[in-house]
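Counting convention: from 1, in listed order, for ligands and their atoms alike. Since the structure is predicted, the reported quantities are computational estimates derived from the model, not experimental observations. Heavy-atom basis, side chains included; hydrogens, waters and symmetry copies ignored. Along the sequence shown, the residues carry numbers beginning at 1.
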Amino acid sequence: MTDRLTIRSPDDWHLHLRDGAMLEAVAPYSARQFARAIIMPNLVPPVTSVDAARAYRERIRAAAGPGFEPLMTCYLTDSIDPDELERGHAEGVWVAAKLYPAGATTNSHSGVTDVRYIHAALERMQRIGMVLCVHGEVTDPEIDIFDREAVFLERVLAPVLRDFPDLRIVLEHITTADAAEFVMAAGPNLAATITPQHLHLNRNALFAGGLRPHAYCLPVVKRERHRLAVRAAAVSGSPKFFLGTDSAPHLKEAKESGCGCAGIWNAPFALESYAAVFDEEGALDRLEGFASEHGPRFYRLPLNEGTVTLERAAVTVPERLPAAGSDLVPFHAGETLGWRLAG
Ligand code: DOR
Ligand code: ZN
């Protein structure tokens, strides 16, 4: 039985760090675990200009400390300027751009109302080799919330793949068997990130003994058969699937509310959480590919040189951790995990 696992330093290919006091509080947790992270741009106001992204990157570097590299993304709006995208990419500020369907999730109201409006931007991204990150849910209120990812694949993603065959696309935080199969069947320009919560939770977790706001994120967790399919994809060894936590902090009172915010803050024990899954699946030998190799290869970035070591040991996740004058409730709060990050 493996009791110590040393892997190449991992990266987080989907992370929300927020700004101000929240950024100061949460960034060190990610920096402790990951060498780099793709930073989501859904601030208020969203990060849509090169100058705003550059300034935000400096605030992140200051909050995270040395040894952590924020990889910035541009928030796509209906009126995004392809020249601004190209400039930010050429100047080494933007690694990718994020498509939020307008209204799909937290701070997405400035997002894209119809992909037709950003065709020129996608054309440019395809030409310059800039990655498109996608929140893959339709916003049509007629569509059941548990079906919004599957419907997005057919209505939006398939046409984009057809129209932009050379555009590299990451379907973020996949939650369904439909998405896992879709990504597997597509060509090499489509990959997907997978969060810890979608590997651990099915939709019963939302209602276990009462309403559970800390299990609520978007896309919402799905049926057990979907969780199992997403797990199988994560541990498959396929280079199309890689680590993206979607760690999304909201203060305790904003989660435990009559209209609780979507988002699970998993940054403090993210690697431990993934390790538990790979261990349960008998796939610890594939954790390194998922966490540290598939992502940089897809993004065409160098692999990290350093290593991290996980050891088999009981670690109890705190019920809450202080942040921004209040508390955050971490994913797995009060549970004991079987792996610990050494050092
Ligand atoms: O649960 C989520 N929280 N899903 C998202 O897509 C956004 C995120 C956030 O920013 O809070
Ligand atoms: Zn996200």
Give, rounded to 10 degrees, the angle between NE2 (H14) and NE2 (H16) as seen from the Zn ion (ligand 2).
110°
For ligand 1, is any non-hydrogen atom under 4.0 Å from E137's backbone (N, CA, C, O), its side chain (CB onward), both, or neither?
neither
Closer than 3.5 angstrom, by distance alone: can the side chain of S247 be matched with the main-chain N or O of N266 as a donor-acceptor pair?
yes
Using a 3.5 Å distance criterion without hydrogens, assess whether the side chain of Y56 forms a donor-acceptor pair with backbone atoms of R18.
yes
Using a cut-off of strictly less than 2.8 Å, determine whether E172 has an N/O/S atom near the Zn ion (ligand 2).
no
Ignoring hydrogens and geometry, is there a side-chain-to-backbone donor-acceptor pair from K255 to L328 under 3.5 Å?
no
With side chains defined as the heavy atoms from C-beta onward, is the minimum distance between H250 and W265 less than 4.5 Å?
no
Any idea which protein heavy atom is nearest atom 5 (C) of ligand 1, and the distance to it?
T105 OG1, 2.9 Å
Looking only at N, O or S atoms, which one in D246 sits nearest to the Zn ion (ligand 2)?
OD1
Contact with ligand 1 for K98, non-hydrogen, under 4.0 angstrom
no
Measure the shortest side-chain to side-chain distance between L190 and F182 over non-hydrogen atoms and say whether it is less than 4.5 angstrom.
yes
Measure from the side-chain N and O atoms of H109 to the backbone N and O of G103, and report whether any donor-acceptor pair falls under 3.5 Å.
no
For ligand 1, which atoms have a heavy atom of A248 less than 4.0 angstrom away?
3 (N), 8 (C), 9 (C), 11 (O)
Under a 4.0 angstrom heavy-atom cut-off, which atoms of ligand 1 come close to H135?
6 (O)
E272 vs Q33 side-chain heavy atoms within contact, under 4.5 Å
yes
So do the side chains of V151 and E149 get within less than 4.5 Å of each other, counting heavy atoms only?
no
Just checking: H135, one of its N/O/S atoms, less than 2.8 Å away from the Zn ion (ligand 2), yes or no?
no
The protein heavy atom nearest to atom 3 (N) of ligand 1 is A262 O, 3.0 Å
Could you tell me whether I264 approaches ligand 1 through its side chain, its backbone, both or neither, with non-hydrogen atoms closer than 4.0 Å?
neither
Element-labelled atoms of ligand 1 that are located less than 4.0 Å from some non-hydrogen atom of N42
9 (C), 10 (O)
Mode of M40 contact toward ligand 1 - side chain, backbone, both, neither (heavy atoms, under 4.0 Å)
neither
Taking F241's backbone N and O only, do any of them form a donor-acceptor pair with H294's side chain (distance below 3.5 Å, no angle check)?
yes
Considering only non-hydrogen protein atoms, determine which one is nearest to atom 4 (N) of ligand 1 and report residue, atom name and distance to 0.1 Å.
L218 O, 2.8 Å
Do K222 and T176 meet the criterion of a side-chain donor-acceptor pair at a distance under 3.5 Å?
no
Touching ligand 1 at all, H250? Heavy atoms, strictly under 4.0 Å?
yes
